[in-house]
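Just so you know, ligand 1 is whichever comes first in the structure, and atom 1 is the first atom listed for that ligand.
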Amino acid sequence: MGRVEGKVAFITGAARGQGRAHALRLAEEGADIIAIDACASMDPVQYAMPDPAELDSLAKEIEALDRRVFTRIADVRDGAAIEAAAKDGVEALGGRLDIVLANAGVWAVSVDEPTDPAVRRAVWKTTLDINTTGVWNTVEACIPLMIAAGNGGAIVFTNSIQGLRYASNHDISLTAYTASKHALVGLLRCTARDYAEHSIRVNSVHPTGVLTGMINHEIMGAYAEKHPRLGEVMGNILPTPLVDLADITEAVLYLVSDSGRYITGVTLPVDAGALLK
Ligand SMILES: NC(=O)c1ccc[n+]([C@@H]2O[C@H](COP(=O)([O-])OP(=O)(O)OC[C@H]3O[C@@H](n4cnc5c(N)ncnc54)[C@H](O)[C@@H]3O)[C@@H](O)[C@H]2O)c1
């Protein structure tokens, strides 16, 4: 018997990276999956985003595990679209919703610091809209369905070590990212308190660097070269520069399965000790 056998999980940012890894592992552990992704560029974010074929291939991999899957291309900034995706997905998969992974996020890093005020405003707004309001939209869409299904449930926000500390660098992308992730800690605590009476638990994982499309691109390489001090500040204390996708997935699985049944309101770093630097 899998650790989340018979449950239904709603996952944003599922087409690739951490969301995809979580979707596949939860399916292996017996869950049916509602997989959401925008699969579109997120201007002014400069690195490439996944295309719809990546969401389709995820669906095929989940079906090959003998689990049901519902996919929808939707942007977490569009609350009505996320609400419709959650309703349609839950209906298609039998009426229950047990697990929500609010995972979609961006870091609008650029090699050269933007000086055009319009670009700076766009970086700030896009980052906060996706990383913070997108999570709130996901919570708003999913909690009524979880309450209606009456099985309690578990929500996990994918935060970051930048949600628990700062590494300022006169860098609008890092400032906006840090602010967006700090805001999620407040959202987490209020949501955990408000819905505990429905046996809905709300926690967050705070990864250090994970090698995904968010950081594994040419802009990031040039940015890191230009800001060597930042690399020192942001490094881990355990002897590894990065953690693996599976390390984050394992923490998520712990929080959403019975192993975490009395854990709520927790901000769990998976950071190779980075927060102790
Ligand atoms: N990679 C890291 O080093 C790292 C470290 C700490 C935290 N995080 C956080 O992990 C989460 C997942 O990122 P990842 O590392 O898997 O990166 P990723 O870029 O590989 O995946 C992010 C996914 O989110 C989707 N997405 C982006 N904007 C969206 C939107 N508006 N609506 C719907 N989907 C959208 C993308 O299409 C993509 O599939 C993010 O919240 C990120 O902030 C990443």
(message) Pairing donors with acceptors under 3.5 angstrom, does anything connect the side chains of Ser204 and Asn159?
(response) no
(request) Ignoring hydrogens and angles, tell me if any N or O in the side chain of Glu28 forms a donor-acceptor pair with the backbone of Arg25 under 3.5 Å. (result)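 Pair absent, no side-chain N/O of Glu28 close to backbone of Arg25.
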(message) I'd like to know if the side chain of Ser41 reaches the main chain of Asp43, judged simply by a donor and an acceptor atom lying under 3.5 Å from each other, with no hydrogens or angles considered.
(response)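 No.
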(request) Let me see the working for Glu83 and Lys87 under salt bridge (Lys or Arg N to Asp or Glu O under 4.0 Å), right down to the final yes or no. (result) CA-CA 6 Å; Glu83 186 189 346; Lys87 277 191 183 143; 3.0 Å; yes
(message) Applying side-chain hydrogen bond (donor to acceptor under 3.5 Å, both in side chains) to Ser57 and Arg20, what does each step give before you reach the verdict?
(response) CA-CA 10 Å; Ser57 81; Arg20 184 186 190 92; 3.0 Å; yes
(message) Please verify the inter-ring angle class for Tyr177 with Trp107; under 30° counts as parallel, over 60° as perpendicular, anything in between as tilted.
(response) tilted
Distances only, to 0.1 Å: what are the N or O pairs between ligand 1 and the protein that fall under 3.5 Å?
residue, atom, partner, partner atom, Å
ligand 1, 1 (N), Val210, O, 3.0
ligand 1, 1 (N), Thr212, OG1, 3.1
ligand 1, 3 (O), Val210, N, 2.9
ligand 1, 3 (O), Val210, O, 3.3
ligand 1, 10 (O), Gln18, NE2, 3.0
ligand 1, 15 (O), Gln18, NE2, 3.0
ligand 1, 15 (O), Thr212, OG1, 2.6
ligand 1, 16 (O), Gln18, N, 2.8
ligand 1, 17 (O), Thr212, OG1, 3.3
ligand 1, 19 (O), Arg16, NE, 3.4
ligand 1, 19 (O), Arg16, NH2, 2.8
ligand 1, 20 (O), Arg16, NE, 2.9
ligand 1, 20 (O), Gly213, N, 3.4
ligand 1, 31 (N), Asp75, OD1, 2.8
ligand 1, 32 (N), Val76, N, 2.9
ligand 1, 34 (N), Ala38, N, 3.3
ligand 1, 37 (O), Asp37, OD1, 2.5
ligand 1, 39 (O), Asp37, OD2, 2.6
ligand 1, 41 (O), Asn103, O, 2.8
ligand 1, 41 (O), Lys181, NZ, 3.0
ligand 1, 43 (O), Tyr177, OH, 2.6
ligand 1, 43 (O), Lys181, NZ, 3.0

